[in-house]
Amino acid sequence: MKRILGIGNALVDALATLNDDNLLDLFGLPKGSMTLIGDNEQVHIQECFSSLAVERSTGGSAGNTMLALAHLGMQPGFIGTIGDDATGRFFAANCEEHGIVPYLTTLPQQSGVAYTFISPGGERTFATYLGAAAMMTADDLRPDMFVGYDYLYVEGYLVQNHDLILRAVELAKEAGLKVCLDLASYNIVEADLDFFVHLVSEHVDI
């Protein structure tokens, strides 16, 4: 069986079902959007979520893909960064529970959280706090992480970190892996088109 290694933002999804959309207006979140938030916004939204019924699951584009592969009976791996906190420990434990091999670097920053507001009609609105997830660097990658895998799955949301992606691709190729690139979102591609073109033309197999 082929084995796939993912690299991406290690996020925990915190999902809350709303009775109305008043909270979206309160936090200035366009319904159905994904908005990146900073430390101040994160504190206010976390306080709000503490009074709601919240479900948690591991998230992030690559994280979700590796979880799906694990449910299909494969043994994927995941490279990412978490904080030394309950959220980070939840992410690591969930990986191990579902058979995902975690290659996680722990940092002093708070772990990343995707706050998910579910409107009465089912529409999802995200306020994403990247935290430690965005702190991954090329120096966090080791050659041994890539041994035993056949494919490297690269999350497109990481592509703005050119040094990290180029190092990951280099180590993958040295270990004989094929490289798969998730193009993330159209606006991500648009914002860094030249680098995406370079990746696709020079390094990406799928």
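- Using modelled atom types, no side-chain atom of D182 and backbone atom of A62 make a donor-acceptor pair closer than 3.5 Å.
- Here the shortest heavy-atom pairing between V54 and A16 reads CG2-CB, 4.3 Å.
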side-chain contact (heavy atoms from CB on, under 4.5 Å) between I4 and M66, worked out: CA-CA 8 Å; I4 300 176; M66 296 308 108; 4.0 Å; yes
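- Pairing each heavy atom of A132 with each of G83, the nearest pair is CB-N, 3.7 Å.
- Two residues are said to be in side-chain contact when any heavy atoms from C-beta on lie closer than 4.5 Å; I165 and H203 fail this criterion.
- Of the listed residues (D13, I37, I45, T87), just one forms a side-chain contact (heavy atoms from CB on, under 4.5 Å) with V113, and that residue is T87.
- Proximity of D39 to Y129: side-chain heavy atoms (C-beta onward) are separated by under 4.5 Å at one or more points.
- Q160 places no side-chain N or O within 3.5 Å of a backbone atom of D192 that could act as its donor or acceptor partner.
- In R124, the CZ atom is not crowded: 12 or fewer heavy atoms of neighbouring residues, nucleotides or ligands sit closer than 6.0 Å.
- Note that CG of D150 is 11.5 Å distant from CG of L152, once rounded to the nearest 0.5 Å.
- Looking at heavy atoms from C-beta onward, Y103 lies out of side-chain contact with C95 at the 4.5 angstrom threshold.
- M135 is not connected to L166 by any chain of hydrophobic side-chain contacts under 4.5 Å among Ile, Leu, Val, Met, Phe, Trp and Tyr, and they are in different clusters.
- For the pair T125 (side chain) and E123 (backbone), a donor-acceptor distance under 3.5 Å is absent.
- Side-chain rings of F91 and F78 approach one another, their centers coming within less than 6.0 Å.
- Proximity of Y151 to K2: side-chain heavy atoms (C-beta onward) are separated by under 4.5 Å at one or more points.
- When the side chains of ILVMFWY residues are joined at heavy-atom separations under 4.5 Å, either directly or via intervening members, V147 and V101 end up in two distinct hydrophobic clusters.
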Applying side-chain contact (heavy atoms from CB on, under 4.5 Å), run through S119 and L24 and close with a yes or a no. CA-CA 9 Å; S119 294; L24 301 183; 3.8 Å; yes
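- L104 and L171 are assigned to two separate hydrophobic clusters, defined by single-linkage of ILVMFWY side chains at heavy-atom distances under 4.5 Å.
- Residues forming a side-chain hydrogen bond (donor to acceptor under 3.5 Å, both in side chains) with K31 (at least two apart in sequence, or on another chain): D21.
- The shortest distance between side-chain heavy atoms of L11 and L130 falls below 4.5 Å.
- Under the 3.5 Å distance criterion, the side-chain polar atoms of D140 are matched with a main-chain donor or acceptor of T137.
- We find the CD-CG distance between E41 and L36 to be 10.0 Å, quoted to the nearest 0.5 Å.
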Where do K178 and V204 land on the side-chain contact (heavy atoms from CB on, under 4.5 Å) test, with the steps shown first? CA-CA 8 Å; K178 290 187 176 180; V204 172; over 6 Å; no
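- Remark: D139 CG to L164 CG distance equals 10.0 Å, nearest 0.5 Å.
- Separating the OG atom in S51 from the CD atom in Q46 is a distance of 10.0 Å, to the nearest 0.5 Å.
- Contact of the V12 side chain with the N94 side chain is not registered, since no non-hydrogen atoms from C-beta on lie closer than 4.5 Å.
- Note on residues 45-74: no pairs pass salt bridge (charged side-chain N to carboxylate O under 4.0 Å, His left out), not counting sequence neighbours.
- Taking each heavy atom of C48 and F27 in turn, the nearest pair found is CB-CZ, 3.8 Å.
- Side-chain contact check for M34 versus T128: some heavy-atom pair is nearer than 4.5 Å.
- A continuous path of hydrophobic side-chain contacts links M1 to L69 [ILVMFWY only; heavy atoms under 4.5 Å].
- Taking each heavy atom of A133 and N9 in turn, the nearest pair found is O-OD1, 3.3 Å.
- With rounding to the nearest 0.5 angstrom, the CE atom of M136 is 9.5 Å from the CG atom of L107.
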Walk me through it: do L67 and I100 pass the test side-chain contact (heavy atoms from CB on, under 4.5 Å)? CA-CA 7 Å; L67 182 59; I100 302 169; 4.2 Å; yes
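- By the 4.0 Å N-to-carboxylate-O rule, K173 lies close enough to D205 to be salt-bridged with it.
- Residues L52 and L23 form a side-chain contact, since some pair of their non-hydrogen atoms from C-beta on lies under 4.5 Å apart.
- Atom CG of D144 has more than 12 neighbouring heavy atoms from other residues, nucleotides or ligands inside a 6.0 Å radius.
- Closest approach of A168 and F146 over heavy atoms only: O-CE2, 3.6 Å.
- Ring orientation note: the planes of F49 and F117 are nearly perpendicular, at an angle over 60° on the 30°/60° scale.
- T105 contributes no side-chain N or O that, together with a main-chain N or O of T81, makes up a donor-acceptor pair within less than 3.5 Å.
- Transitive grouping of hydrophobic side chains (ILVMFWY, heavy atoms separated by less than 4.5 Å) keeps F126 and I118 in distinct clusters.
- The shortest heavy-atom contact between G156 and I188 is O-CG2, 3.8 Å.
- With values rounded to the nearest 0.5 angstrom, L141 atom CG is found 5.5 Å from I79 atom CD1.
- Annotation: D20, atom CG; neighbour count of heavy atoms from other residues, nucleotides and ligands within 6.0 Å is above 12.
- With sequence neighbours excluded, the residues forming a side-chain hydrogen bond (donor to acceptor under 3.5 Å, both in side chains) with S185 are N187, listed by chain and number.
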